[in-house]
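By convention here, the first residue in the shown sequence is residue 1. None of these values were measured; they are calculated from a predicted model.
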Amino acid sequence: MSDIMLPERIRIKDIAELAHVSVGTVDRVLHDRPGVSESSRLRVEEVLNKLDYHPNMYASALASNKKYHFIYLLPLHSQGDYWCDVEKGINAAVVAFSDFHISLDFRYYDPYESNSFTNEGNTILNENPDAVMMAPTSASITQIFTDKLQEALIPFVFVDSIIEGASPLAFYGQKSIQSGYYAASILMLLSEEKKQVAVIRQLKEGKVGSNQQESREIGFRNYMKKNNPNCKILELNLRARYPEMDESLLDNFF
């Protein structure tokens, strides 16, 4: 092997020559396909180890012509909401990686209706996508969906918040409890140790609209209990379904 001058970029053809096998045999070993004798497989693997060879996944994806169908599940929202920027970023990524033949569908759930996430999740499972991205709802409801995804061998990614105990391929977002903890520290710094602070929520039937919102309040209260135990925390619950009532509720509260 040391007598052969190898190019800077190792090709499958080079590996085949070093292992004294065909190019097809190397390809089958690289992709763990059958039809290779044990002796040939061992020779190819020995060459791969000596060269510390790693296949070019980008080139392989382009050559395969495989099409990938992704689904993104996120909360219903209005124009100008936070989620619009998230959608914009996802669409930009689809364009940037268009060479990979990616198609993406958006699906939406009502964050204040527990059955909405479950129903959308079941619809997604029936479509058997290559991967799912999602903004989780409550931990218990999300976990049921992610367990089914794992059973179906469908990888998934969390955006915005994470569910402990699930096994996402990746998570993109804040650590919600820590962000709530930090928010409380900044609030107390700016308020010069006031004796009362208010937590204002949007609820429907006693439920907040997201796992992240719930986790942030936990972090907020953890900081207050540890560092400002004598500060009274007042609560105001707005009605998510009736925003026209917000002004009167706020007036009465203050």
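Checked by atom type, the side-chain pair Glu87/His77 shows a donor-acceptor distance below 3.5 Å. Under the 3.5 Å distance criterion, with hydrogens and angles disregarded, no donor-acceptor pair is assigned to the side chains of His69 and Asn128. Side-chain contact annotation: Arg216 with Gln174, donor-acceptor N/O pair under 3.5 Å present.
By the 4.5 Å heavy-atom criterion applied to side chains, Met188 and Val197 are counted as neighbours. Between Tyr108 and Glu120 there is no side-chain heavy-atom pair separated by less than 4.5 Å. Side-chain contact between Ile15 and Leu48 is present, with at least one heavy-atom pair separated by less than 4.5 Å. Using a 4.5 Å heavy-atom cutoff, the side chains of Leu104 and Ile71 are not in contact. Looking at heavy atoms from C-beta onward, Pro111 lies out of side-chain contact with Thr137 at the 4.5 angstrom threshold. Residues Phe117 and Asp110 are not in side-chain contact: their nearest non-hydrogen atoms beyond the backbone lie 4.5 Å or more apart. Considering only heavy atoms from C-beta on, Leu73 comes within 4.5 Å of Tyr109 through its side chain. Within the 4.5 Å cutoff, no side-chain heavy atoms of Val199 are placed close to those of Leu234.
By the criterion of side-chain heavy atoms lying less than 4.5 angstrom apart, applied directly or through intervening Ile, Leu, Val, Met, Phe, Trp or Tyr residues, Leu203 is not grouped with Leu249; the two fall into different hydrophobic clusters. Note on Phe253: it does not cluster hydrophobically with Ile233, by side-chain heavy-atom contacts below 4.5 Å among ILVMFWY residues. Taken together through direct or relayed side-chain contacts under 4.5 Å among Ile, Leu, Val, Met, Phe, Trp and Tyr, Val23 and Val47 form part of one hydrophobic cluster. A single hydrophobic cluster is seen to contain both Leu74 and Val94, as judged by linkage of ILVMFWY side chains at heavy-atom distances under 4.5 Å, directly or through other members. No chain of hydrophobic side-chain contacts below 4.5 Å, direct or via other Ile, Leu, Val, Met, Phe, Trp or Tyr residues, connects Ile102 to Ile154.
Nearest heavy-atom pair, Asp130 versus Pro155, reported as atom, atom and distance to 0.1 Å: O-CD, 3.2 Å. The two residues Asp246 and Gln202 have their closest heavy-atom pair at OD2-NE2, 4.3 Å. What you find for Gly35 and Arg28 is that their closest heavy atoms are O-NE, 3.6 Å.
Ser40 places no side-chain N or O within 3.5 Å of a backbone atom of Val36 that could act as its donor or acceptor partner. Judged by distance alone, with hydrogens and angles left aside, the side-chain atoms of Ser248 form a donor-acceptor pair with the main-chain N or O of Met245 at under 3.5 Å. Between the side chain of Asp81 and the main chain of Ser78, a donor-acceptor pair closer than 3.5 Å is present. When atom types are taken as modelled, the side chain of Ser191 and the backbone of Leu187 share a donor-acceptor pair closer than 3.5 angstrom.
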Evaluation steps, salt bridge (charged side-chain N to carboxylate O under 4.0 Å, His left out), between Arg107 and Glu127: CA-CA 12 Å; Arg107 303 295 163 77; Glu127 294 185 35; 2.7 Å; yes

Test side-chain contact (heavy atoms from CB on, under 4.5 Å) applied to Met224 and Phe220, step by step: CA-CA 6 Å; Met224 298 300 293; Phe220 184 92; 3.8 Å; yes

Check against side-chain contact (heavy atoms from CB on, under 4.5 Å), Thr118 and Glu113: CA-CA 9 Å; Thr118 300; Glu113 293 286 352; over 6 Å; no

Intermediate values then yes/no, side-chain contact (heavy atoms from CB on, under 4.5 Å), Tyr72 and Val159: CA-CA 10 Å; Tyr72 193 148; Val159 176; 3.4 Å; yes

Evaluation steps, side-chain contact (heavy atoms from CB on, under 4.5 Å), between Leu51 and Leu18: CA-CA 10 Å; Leu51 295 176; Leu18 292 170; 4.0 Å; yes

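Between the CG atom in Asp147 and the CD1 atom in Ile144 there is a gap of 8.0 Å [rounded to 0.5 Å]. The line from OG of Ser167 to CD of Gln150 is 5.0 Å long, rounded to the nearest 0.5 Å. Going from atom CG of Leu42 over to atom CD of Glu38 covers 4.5 Å, rounded to the nearest 0.5 Å. Here the CD1-CZ distance, from Ile124 to Phe156, works out to 12.5 Å after rounding to the nearest 0.5 Å. Here the CG-CD1 distance, from Leu250 to Ile200, works out to 6.0 Å after rounding to the nearest 0.5 Å. If you take CG on Leu76 and OH on Tyr112, they are separated by 11.0 Å, rounding to the nearest 0.5 Å.
When the shell of 6.0 Å around OH of Tyr172 is examined, it contains 12 or fewer heavy atoms from other residues, nucleotides or ligands. Counted within 6.0 Å of CD on Glu244, heavy atoms from surrounding residues, nucleotides or ligands total more than 12; the atom is thus considered enclosed. Few gaps surround CD on Gln143; more than 12 heavy atoms of other groups in view lie less than 6.0 Å from it. Around the OH atom of Tyr82, the shell of radius 6.0 Å holds more than 12 heavy atoms that belong to other residues, nucleotides or ligands.
Applying the side-chain hydrogen bond (donor to acceptor under 3.5 Å, both in side chains) rule to Glu217 yields the partners Arg201, Arg221; only residues at least two apart in sequence or on another chain are considered.
Taking the six-membered ring wherever Trp is involved, the centroid distance between the rings of Phe158 and Phe171 does not fall below 6.0 Å.
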Using a 3.5 Å cut-off and no angle test, enumerate the donor-acceptor pairs between side-chain atoms of residues 177-186 and protein atoms at least two apart in sequence or in another chain.
from, atom 1, to, atom 2, distance (Å)
Ser179, OG, Ser176, O, 2.8
Ser185, OG, Tyr182, O, 2.6

